[in-house]
Amino acid sequence: MNRITLQALAAAALLAAGICQARPIDADMTGNWYVPSQVGHGLQIEVIDLSTAVVAWYTFDSEGNPIWLMGTGEIEGDTLRAELRDYRGTRFPPDFDTDSIDGRHWGDVIVRRTDCDSAALSYTPADGIYQPAEYPLERVTRIDGSHCSETVQWAQERRWKPASESHAFEALFLDYPAGDEANFDFGFEWSPLPEPWQALAGLRVSGNNRSDDLMMVVMRPVDGLQPETRYRVGLEMQFATNEPSGCAGVGGAPGESVYMRLGAAGEKPDYTVVDGYRRATLDLGQQAAPGERALSAGDMANGADETYCSGPDAPWRLKRVSTAGQEFSVTSDETGRIWVYGLSDSGFEATTTWYLTEFVVRLAEAGS
């Protein structure tokens, strides 16, 4: 039986197994994928354009030696077909010799996307040592900023990276005694990021949470929309944080007890004084709980382990949070404007500092 026939049979088997809801392969497919029942080997897929992708399969041969198979494939709708080669023959640097590399044809793979984070793999080896087979794949990672575009269709996207002092973002500090600003060490400015990200810049937001409930909001207007029109909204924010995971702190963890939320409204968020405290004029949520005009999106913890909890050298890392998977809508005002914002809401009774480096809003008229 030739290779083309085997590929056709494999594709037919996948369809017969009930995987029938097509989801086109696009840039969101880029990432690492694995077979859930066989943890320890997997595929890395990089979508070059809507017709081409690079596939690398990190696995083991029949004798237990690690091998990597690599090739370029063609994309047709929800299906990627690639011819893989097995590269061997040289040694680890400094003994690396390019001329010694031997890349022989290993076989062919078919990857069919079935959902945002799942796919189906079938393969046909060329040399007869291995048998054709089929396995489900699940996603391990996706690249920063990508999202499953087929889940929600957006009519437009606005993306801002505050790379200079000319930006339209404003800060609003809430949930502290009115007039007591000096005791909270508020800061909001455009600034280069700390090392190792000093080549980037963002909006530095800082405050000392002496009220055990400090909220720090960074917001900006979005203009040019249809007046008094309801829009579905998707929001993303990238920010830099140096708060490790799993640390203890006064009142709460400096990472996990500083909650991040994203929101939008048809009016500018502001404050009103209630019982001597500055409170939000909109329902922006409280601590871990979302509000009518702000959705929960994560926390300040950056994934660095607890060995950094007690030292001054906690690493700064970029983190991205989003409202993906949560329904949210907003109605523009009579001028076609809405306001979008990201915020931190702290239960950690000390100073929190973060840098906003990117903000993304996706919009579609409700019902479209």
Side-chain angles (χ1 to χ4, degrees), residues 169-178 180-181 183-188 203-219 233-265 267-304 306 309 314 317 319-328 330 339-356 359:
F169 288 93
E170 303 177 32
L172 176 65
F173 298 93
L174 298 164
D175 295 341
Y176 70 92
D180 199 21
E181 286 79 8
N183 286 324
F184 285 77
D185 302 324
F186 294 133
F188 178 69
L203 298 177
R204 181 181 180 273
V205 189
S206 187
N208 190 333
N209 182 23
R210 298 183 185 277
S211 64
D212 191 26
D213 190 27
L214 180 63
M215 186 185 300
M216 302 189 294
V217 184
V218 181
M219 58 188 176
V233 183
L235 301 165
E236 286 184 14
M237 184 173 70
Q238 183 190 75
F239 63 99
T241 166
N242 71 336
E243 299 297 350
S245 299
C247 300
V250 179
E256 291 84 353
S257 293
V258 181
Y259 306 96
M260 308 302 291
R261 293 196 294 279
L262 301 172
E267 61 183 283
K268 183 179 181 180
D270 206 340
Y271 77 92
T272 183
V273 177
V274 179
D275 296 330
Y277 277 71
R278 284 171 55 114
R279 303 298 189 188
T281 55
L282 303 175
D283 181 5
L284 302 181
Q286 179 67 26
Q287 299 288 302
E292 181 183 1
R293 302 310 325 154
L295 298 179
S296 297
D299 56 44
M300 190 64 64
N302 70 8
E306 61 273 10
C309 290
R317 292 182 176 178
K319 183 173 181 177
R320 186 176 295 268
V321 294
S322 78
T323 60
Q326 303 183 75
E327 295 185 4
F328 195 53
V330 61
W339 285 81
V340 295
Y341 37 85
L343 64 89
S344 63
D345 195 357
S346 181
F348 168 57
E349 298 178 33
T351 299
T352 292
T353 301
W354 52 280
Y355 292 77
L356 186 151
F359 200 94

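As the structure is a computational prediction, the values presented were derived from the model and not from experiment.
Residues Tyr176 and Glu181 approach most closely at OH-OE2, 2.8 Å, considering heavy atoms. The two atoms that bring Ala301 and Pro244 nearest to each other are CB-O, 4.2 Å, heavy atoms only. Here the shortest heavy-atom pairing between Ala171 and Phe188 reads CB-CG, 3.4 Å. Across all non-hydrogen atoms, the minimal contact from Cys247 to Pro254 is O-CD, 3.6 Å. Minimum heavy-atom separation, Trp339 to Glu267: CD1-C, 3.6 Å. The minimum heavy-atom distance linking Val340 with Ala264 is given by the pair CG1-CB, 4.0 Å.
Atom OH of Tyr271 has 12 or fewer heavy atoms from other residues, nucleotides or ligands within 6.0 Å.
Side-chain atoms of Ser344 never come within 3.5 Å of backbone atoms of Val258 as a donor-acceptor pair (strictly under, hydrogens ignored). When atom types are taken as modelled, the side chain of Glu236 and the backbone of Thr323 share no donor-acceptor pair closer than 3.5 angstrom. Panel note: side chain Asp212, backbone Glu349; no donor-acceptor pair is recorded below 3.5 Å. With hydrogens and angles disregarded, no donor-acceptor distance shorter than 3.5 Å links the side chain of Asn208 to the backbone of Asp185. Remark: the backbone N or O of Gly187 is not paired with any side-chain donor or acceptor of Ser206 at under 3.5 angstrom. Side-chain N or O atoms of Gln326 include one that pairs as donor or acceptor with a backbone N or O of Ser296 at under 3.5 Å. Side chain of Arg261 to backbone of Gln287: a donor-acceptor contact under 3.5 angstrom is found.
Note that CZ of Arg320 and CE of Met237 are 10.5 Å apart. Values are rounded to the nearest 0.5 Å. With values rounded to the nearest 0.5 angstrom, Phe239 atom CZ is found 15.5 Å from Arg204 atom CZ. Rounding to the nearest 0.5 angstrom, the gap separating the CH2 atom in Trp354 from the CG atom in Leu203 is 8.5 Å. Atom CE of Met260 sits about 7.0 Å away from atom CG of Leu343, to the nearest 0.5 Å. The distance from atom CD of Glu256 to atom CG of Asp299, rounded to the nearest 0.5 Å, is 5.5 Å.
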Given side-chain contact (heavy atoms from CB on, under 4.5 Å), test Glu243 with Asn302 step by step and report yes or no. CA-CA 6 Å; Glu243 299 297 350; Asn302 70 8; 5.6 Å; no
Take Leu174 and Leu284 through the side-chain contact (heavy atoms from CB on, under 4.5 Å) test and state the conclusion after the steps. CA-CA 10 Å; Leu174 298 164; Leu284 302 181; 4.2 Å; yes
Could you walk me through whether Leu262 and Val321 pass side-chain contact (heavy atoms from CB on, under 4.5 Å), step by step? CA-CA 8 Å; Leu262 301 172; Val321 294; 4.3 Å; yes
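Using a 4.5 Å heavy-atom cutoff, the side chains of Phe348 and Met300 are not in contact. Residues Arg293 and Phe328 form a side-chain contact, since some pair of their non-hydrogen atoms from C-beta on lies under 4.5 Å apart. The side-chain heavy atoms of Leu235 and Phe359, taken from C-beta on, include a pair separated by under 4.5 Å. At least one side-chain heavy atom of Glu170 sits under 4.5 Å from a side-chain heavy atom of Lys268. Side-chain contact between Asp213 and Asp345: present, with at least one pair of heavy atoms (C-beta onward) separated by less than 4.5 Å.
Aromatic ring pairs are classed by plane angle as parallel below 30°, tilted from 30° to 60° and perpendicular above 60°; the pair Phe186 and Phe173 is parallel.
A salt bridge does not link Arg278 with Asp180: none of the charged nitrogens is closer than 4.0 Å to a carboxylate oxygen. For Arg279 and Asp175, the salt-bridge test passes: some basic side-chain N is under 4.0 Å from an acidic carboxylate O.
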